[in-house]
Amino acid sequence: MTGSAKIISFNDNAHAIVSSAGRISTTKGSANEIYEKSCSNDKEKNINLINKILSSGHESVIEHIFFNLSFDNVSVFVEQFLIEFRLASFTVKSRRYVDFGKMGYFTPDFSLYEQEKKEKLENLYSSHMEYLFRQYNELIEAGIPKEDARFVLPYSFRSNFYCSVNARQLIKIMNEMVYGRGKNYPELVELGQSLFAQCEEKLPFLAVRKPDMAKDTKLAEIFDNEEKKADQSKMPFVSVISSTEHPEELIVKAAALNYGCSDLELVNAWSKDEKKQKLIIKELLKTGRKRELEQVDFTVIFHKISLAGITHLVRHRMQSIIIPGYIKNCSYKKYVLPESIVEAGLEDKYREVFEKSEDAVKQLEELGFYYWDKAYLLLSGMTVPVMTTINAHELYTFFRLRTCNRAQWEIKNNADQLLKLLRQKHPVLFSYFGPTCFMTGKCSEGAMTCGKMKEVCSFYESNEL
């Protein structure tokens, strides 16, 4: 089974839209008049203008073209690579609800290996994949929830998802797959080349290749010091390592400006008055825009988040996130352990999966298994540290969704711990943050509600985190 990346739709008359955008700043006439003229122009004339604009470095005009992509039967490693591009929208199959026991898995191209070793490598790889999927199926049959059984799935398992993106970001994605971070992974390169080929056929002016985009640096060398690595077992789950100083004061000042208060002396006095802070922030959270919250940000490290859990985190697009390279930073000795596994008496069986996976990788390495192909042997439950800088507006959304009783337990635990830290550090602002029912007085889960709104609101009101 071969995975594919397909452009399933894009703007009609794309060349007219982009060339209109290129003309509007220097041409007389209304937006509609300029567009109609571009539509009547010869297509080649429009494309020549577009190429001229792009060659001068003005790439914003192509953001007016929008693409819908489908990724079919690719590895979940591809999904994880793609979903880190924040200027795009993704919808994926949920591992919480869909049974992945028969979805299949990606197999590296073993024809690239030495002839005398490739059969042994392929047999060992396939044998271990079958073992992992067997363990997943057995956990499901034993009554373990799918969202917990998924932690033993390897990063080779097949994924299907949609991506919607503007043309400028698509160019970046294709180049990252072929020439950038993905250049050592044949699966990513093949998919990127396929997207380039489709662009060359459908909209050739967008097939902009940047083969020199990845520069070699000595950064990995500088930080590669195994002896100084901290003991992860002693790390907290979450740390707030930086934040805007006196965020409540800044939010009050921003609100005053937004609502027309120009008396600087009064605004400064209000911004330091805790009662005024509480009143203004409480009312601000009822508004639609909440742009004042975007004036303050917080830098957080999630020290032990699973590869599966990263997906829940990166779905929040308005953040700047650092996710380290998986192969180098993951360890088969560091992984999440679901309570359902422990309660079912399956902890030894679960731990054995990680031990056998580590052994399988060692055996493959001894046979010359390529470094980049080890990505497919990573297990979804393995943990890495992740850093993000995120503003209070996006945190409003994050906490509203991720502290809800319906949230997946790992991200909920991380969200609760982060909220506890932020309430300790900035009590006025974050005393109002929590799940949707607590923040709005209404449950948004409909028929899937936990039915415990009163208890939940009481819990977050009492600050018992």
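These numbers come from the heavy atoms of this one structure, side chains and all, not from hydrogens, waters or symmetry mates.
- Ring pair F298/F430: centre-to-centre distance below 6.0 Å.
- Formation of a donor-acceptor pair under 3.5 Å by the N258 side chain with backbone atoms of A254 is not found in this model.
- Contact between V353 and Q135 at its shortest, heavy atoms only, is CG2-CG, 3.8 Å.
- In this view, V361 and Y332, E365, K374, L377 satisfy the side chain to side chain contact (heavy atoms under 4.5 Å, CB included) rule, not counting sequence neighbours.
- Rounding to the nearest 0.5 angstrom, the gap separating the CD atom in Q363 from the CD atom in E358 is 11.5 Å.
- Comment: R291 engages E294 in a salt bridge, judged by a side-chain N to carboxylate O separation of less than 4.0 angstrom.
- Atoms CZ and CG, on R406 and L401 in that order, are 12.5 Å from each other to the nearest 0.5 Å.
- Remark: aromatic rings of F151 and Y335 are distant, center separation not under 6.0 Å.
- The cationic atom of R181 (NZ for Lys, CZ for Arg) lies less than 6.0 Å from the six-membered ring centre of F81 and within 45° of the ring axis.
- The structure places OG of S431 at 12.0 Å from CG of L422, a figure rounded to the nearest 0.5 Å.
- Residues E248 and I281 approach most closely at CG-CD1, 3.8 Å, considering heavy atoms.
- Heavy-atom minimum distance, A392 versus F433: O-CE2, 3.6 Å.
- Summarising the geometry, atom CG belonging to L124 is positioned 8.5 Å from atom CZ belonging to F369; distances are rounded to the nearest 0.5 Å.
- Here the shortest heavy-atom pairing between S75 and E187 reads OG-OE1, 2.7 Å.
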Verify salt bridge (Lys or Arg N to Asp or Glu O under 4.0 Å) between E352 and K349, making sure each step is shown before the conclusion.
-> CA-CA 5 Å; E352 185 180 57; K349 177 184 176 68; over 6 Å; no

Might you work through the side-chain hydrogen bond (donor to acceptor under 3.5 Å, both in side chains) test for Q198 and S194, ending with a clear yes or no?
-> CA-CA 6 Å; Q198 292 173 64; S194 172; 3.1 Å; yes

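- For the pair R209 and F196, the cation sits on the ring face: its NZ or CZ lies under 6.0 Å from the ring centre, inside 45° of the axis.
- Ring planes of F100 and F157: perpendicular class, angle over 60° (limits at 30 and 60°).
- Without hydrogens or angle criteria, S156 side chain to Y105 main chain gives no donor-acceptor distance under 3.5 Å.
- Annotation for M439: atom CE counts as buried by contact number, over 12 foreign heavy atoms lying within 6.0 Å.
- Cation-pi geometry between K172 and F85 is not satisfied (NZ or CZ under 6.0 Å from the ring centre, within 45° of the ring normal).
- From M177, atom CE reaches atom CG of L82 across 5.0 Å, with rounding to the nearest 0.5 Å.
- Remark: the backbone N or O of N68 is not paired with any side-chain donor or acceptor of S164 at under 3.5 angstrom.
- Across all non-hydrogen atoms, the minimal contact from C199 to I7 is SG-CD1, 4.0 Å.
- N391 places no side-chain N or O within donor-acceptor distance of the main-chain N or O of D297, the cut-off being under 3.5 Å.
- A donor-acceptor contact shorter than 3.5 Å is absent between the side chain of T244 and the backbone of P247.
- By the 6.0 Å contact criterion, CD on E119 is open, its count of non-hydrogen atoms from other residues, nucleotides or ligands being 12 or less.
- Contact detail for M453 and K442: the closest heavy-atom pair is CE-N, 3.8 Å.
- Separating the CE atom in M318 from the OG1 atom in T397 is a distance of 10.5 Å, to the nearest 0.5 Å.
- Salt bridge E274/K278: present, at least one basic N to carboxylate O contact under 4.0 Å.
- Residue K412 qualifies as enclosed at atom NZ: its count of foreign heavy atoms under 6.0 Å is above 12.
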Determine, step by step, whether T403 and D416 satisfy the side-chain hydrogen bond (donor to acceptor under 3.5 Å, both in side chains) criterion, reporting the C-alpha distance in whole Å, the side-chain angles of both residues, the deciding distance to 0.1 Å, and the verdict.
-> CA-CA 6 Å; T403 59; D416 278 338; 4.9 Å; no

Quick one: do M213 and K183 satisfy side-chain contact (heavy atoms from CB on, under 4.5 Å)? Show the steps, please.
-> CA-CA 11 Å; M213 70 175 300; K183 67 179 180 180; over 6 Å; no

What do the steps show when you test V92 against V76 for side-chain contact (heavy atoms from CB on, under 4.5 Å), and what is the final call?
-> CA-CA 10 Å; V92 308; V76 74; over 6 Å; no

Take Y125 and Y376 through the test ring-ring contact (aromatic ring centres under 6.0 Å, His included) and record every step on the way to the result.
-> CA-CA 10 Å; Y125 178 88; Y376 302 108; 7.3 Å; no

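- Y113 and Y370 have parallel rings, their planes meeting at less than 30° on a 0 to 90° scale where 60° marks the start of perpendicular.
- A salt bridge links R95 to E79: at least one charged side-chain nitrogen sits closer than 4.0 Å to a carboxylate oxygen.
- Note: F77 and Y185 meet the aromatic proximity criterion, with ring centroids under 6.0 Å apart.
- No donor-acceptor distance shorter than 3.5 angstrom exists from the side chain of Y460 to the backbone of P435, with no hydrogens or angles considered.
- Under the 4.0 Å criterion applied to side-chain N and carboxylate O atoms, E347 and R351 are assigned as salt-bridge partners.
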